[in-house]
Amino acid sequence: MAPRFLTLADVSEILNISAPQAYALVRSGDLPAIQIGGRLQWRVEASELEKYIERMYAETRARNSHQPATGDASR
């Protein structure tokens, strides 16, 4: 059974980003999370991470559909 909640280290690994980048996503509210325990450690619900990923795919598709195709893959 997959865990319901993920640590920021888990999020960093799944998204292949740095720990400060994962923290920034949570602090900005882009990635919903909760703080738990005496040390108020961040936890991200796995379903919220999946929703975030889907939102990023949708935003990327929308952004790319508004840009003219130039044939130059380096841009």
Side-chain angles (χ1 to χ4, degrees):
M1 183 172 166
R4 179 175 177 180
F5 291 97
L6 305 168
T7 64
L8 290 186
D10 296 331
V11 171
S12 296
E13 185 176 331
I14 291 166
L15 295 178
N16 196 28
I17 60 174
S18 69
Q21 288 172 313
Y23 180 72
L25 286 174
V26 166
R27 291 289 299 190
S28 70
D30 288 339
L31 179 59
I34 59 170
Q35 283 187 295
I36 59 168
R39 295 172 59 191
L40 296 176
Q41 296 181 1
W42 289 103
R43 293 294 182 269
V44 176
E45 197 161 0
S47 63
E48 290 296 336
L49 180 58
E50 290 302 318
K51 289 178 193 175
Y52 171 79
I53 292 169
E54 288 302 316
R55 256 192 342 271
M56 292 302 99
Y57 273 121
E59 287 178 18
T60 301
R61 279 191 299 272
R63 189 171 45 250
N64 289 339
S65 69
H66 290 90
Q67 295 177 354
T70 62
D72 184 3
S74 65
R75 290 185 189 202

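Residues take their numbers from the sequence shown, with the count starting at 1.
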Query - CD/Gln41: more than 12 non-hydrogen atoms of other groups inside 6.0 Å - result: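 Atom CD in Gln41 is crowded, with more than 12 foreign heavy atoms closer than 6.0 Å.
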Requested in this report: For atom CZ of Arg55, decide whether the heavy atoms of other residues, nucleotides or ligands shown that lie under 6.0 angstrom number more than 12.
Outcome: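 Atom CZ in Arg55 is packed in, count exceeds 12.
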Query - Considering all heavy atoms, the nearest Ser12-Ala19 contact - result: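 Answer, listing the atom of Ser12 first, then Ala19: OG-CA, 3.4 Å.
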**Report entry** Nearest non-hydrogen partners of Val26 and Ala33, listed with the distance
**Finding:**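 Closest approach of Val26 to Ala33: CG1-CB, 3.6 Å.
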Query raised in the report: For Glu50, which residues count as a salt bridge (charged side-chain N to carboxylate O under 4.0 Å, His left out) partner, sequence neighbours excluded?
Result: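 With neighbours one apart ignored, the set is empty.
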Query raised in the report: Taking only residues two or more places apart in sequence, or in another chain, which ones meet Arg4 in a salt bridge (charged side-chain N to carboxylate O under 4.0 Å, His left out)?
Result: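 With neighbours one apart ignored, the set is Glu45.
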Query raised in the report: Do the side chains of Arg43 and Leu6 get nearer than 4.5 Å, heavy atoms only?
Result: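 Heavy-atom side-chain distance check fails, nothing below 4.5 Å.
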**Report entry** Min side-chain heavy-atom separation Leu25-Tyr52 under 4.5 Å
**Finding:**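 The answer is yes; the side chains approach within 4.5 Å.
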Query raised in the report: In Å and rounded to the nearest 0.5 Å, what is the CZ to CZ distance from Arg61 to Arg63?
Result: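 So the CZ of Arg61 and the CZ of Arg63 are separated by 11.5 Å.
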**Report entry** Atom pair CG/CD of Leu49 and Glu54 - distance to nearest 0.5 Å
**Finding:**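 Answer rounded to 0.5 Å: 10.5 Å.
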Query raised in the report: Should Val44 and Leu40 be counted in the same cluster of Ile, Leu, Val, Met, Phe, Trp and Tyr side chains packed under 4.5 Å apart?
Result: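 Cluster IDs for Val44 and Leu40 differ.
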Query raised in the report: Could Lys51 and Glu48 be called an ion pair, given the rule that one side-chain N must be under 4.0 Å from one carboxylate O?
Result: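 A salt bridge links Lys51 with Glu48.
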**Report entry** Fellow cluster residues of Ile34, listed by chain then number, with links counted only when side-chain atoms sit under 4.5 Å apart
**Finding:**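 Hydrophobic cluster check, Ile34: joined to Phe5, Ile36.
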